[in-house]
Amino acid sequence: MPFVNVHMWTGRTIEQKRRLLRAITEAMVEHAAATPDHLHVTIQEYEPQNWARAGVLAADHIASAQQAAPAPATGEEDANPTTGGLHHILLECRDLEASVRFYTETVGLRIRKRDTHRDGRPLVLTHNAIGLTSAGTDGRNIEHLAFPVTSVADALERAQSVGVPVVRGPGPGPYGHTLYIADPDGNEVELIESTV
């Protein structure tokens, strides 16, 4: 009676688990002559703060990867690129402290430091390439920002618990299971379920 035990981080949807278990079953039948009725497959899930590799918590690996993630390959890369990935975005906010709360408490970014913009406005810098400052004469808007998360379901629950508007989703997106929410200035923020 074969027994397969999968250990992985939390964050996969029930549909992802269904597909995974079907694929494992098919592979065991094809390659190990297993009988589906006698094959047991279990999943054990761990929060990233309960898993470590090389002495570093997975939660810390995620934070580092978010800061330095390369752009996905498109097949159109320049052989001699002159510009790297996104360095940072500076958002002008109507209510700076409301935006700081949104990006730290709802999205989960960490503040690196508080400073002063070159024109004297307050400036809040995060570890995730996002800077926030108070609006100038008119607040600017952007199409959207995107951040990887370990669980879209958890992100949705956090957003709904504090009344953050859900723009669309959760549902499939070009990079995976996705949720779009709105920050206090109406900027769309895409949260993409991490599959690491």
Side-chain angles (χ1 to χ4, degrees), residues 1-81 84-86 103 105-110 126-130 144-161 164 166-181 188-196:
M1 177 175 66
F3 186 95
V4 177
N5 191 356
V6 178
H7 296 260
M8 64 185 182
W9 297 350
T10 58
R12 273 66 174 198
T13 65
I14 187 98
E15 187 53 39
Q16 287 174 315
K17 292 176 187 177
R18 286 187 181 109
R19 290 193 306 265
L20 173 64
L21 296 175
R22 278 194 301 268
I24 290 171
T25 300
E26 290 168 5
M28 288 295 292
V29 168
E30 180 180 349
H31 301 290
T35 304
D37 292 344
H38 295 101
L39 174 65
H40 297 265
V41 184
T42 62
I43 296 175
Q44 288 184 270
E45 295 183 295
Y46 302 85
E47 293 294 330
Q49 64 266 22
N50 296 328
W51 183 305
R53 184 178 72 226
V56 179
L57 282 176
D60 297 331
H61 281 294
I62 291 170
S64 295
Q66 289 174 349
Q67 293 175 34
T74 63
E76 299 178 3
E77 291 79 11
D78 188 337
N80 298 301
L86 175 68
Y103 282 99
E105 296 171 12
T106 303
V107 177
L109 305 187
R110 293 179 298 127
T126 74
H127 286 279
N128 306 80
I130 301 295
H144 79 272
L145 306 169
F147 301 97
V149 295
T150 55
S151 170
V152 162
D154 290 348
L156 176 62
E157 184 178 329
R158 280 196 310 273
Q160 290 176 329
S161 72
V164 167
V166 174
V167 177
R168 63 184 171 279
Y175 297 102
H177 192 54
T178 299
L179 170 70
Y180 286 85
I181 56 179
E188 284 191 16
V189 176
E190 178 185 7
L191 302 174
I192 307 165
E193 194 160 286
S194 171
T195 57
V196 293

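Only heavy atoms go into these numbers, but all of them, side chains included; no hydrogens, no water, no symmetry mates.
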Minimum heavy-atom distance [X]-[Y], with the two atoms named:
X	Y	value
Arg168	Glu188	NH1-OE1, 3.3 Å
Leu39	Met28	CD2-CB, 3.8 Å
Thr13	His177	CG2-CD2, 3.5 Å
Leu179	Ala155	CD2-C, 4.1 Å
Ile192	Val152	C-CG2, 4.4 Å
Ala153	Glu193	N-OE1, 4.4 Å

* Asked: Which pairs count as salt bridge (charged side-chain N to carboxylate O under 4.0 Å, His left out) when at least one residue sits in residues 39-49, sequence neighbours excluded?
  -> Lys17-Glu45
* Pairs in or reaching into residues 22-37: which pass salt bridge (charged side-chain N to carboxylate O under 4.0 Å, His left out), with residues at least two apart or in two chains? -> Glu15-Arg22
* **Side-chain donor or acceptor of Ser151 paired with backbone N/O of Asp154 under 3.5 Å** => yes
* Measure the shortest side-chain to side-chain distance between Val41 and Leu20 over non-hydrogen atoms and say whether it is less than 4.5 angstrom. => no
* Kindly write out the residues that satisfy ring-ring contact (aromatic ring centres under 6.0 Å, His included) with His7, not counting sequence neighbours, or none if the list is empty. => Tyr46
* To do: Report the distance from atom OH of Tyr103 to atom OG1 of Thr126, rounding to the nearest 0.5 Å.
  => 10.0 Å
* To do: Kindly assign one of parallel, tilted or perpendicular to the pair His40 and Phe3, based on the angle between their ring planes and the thresholds 30° and 60°.
  => parallel
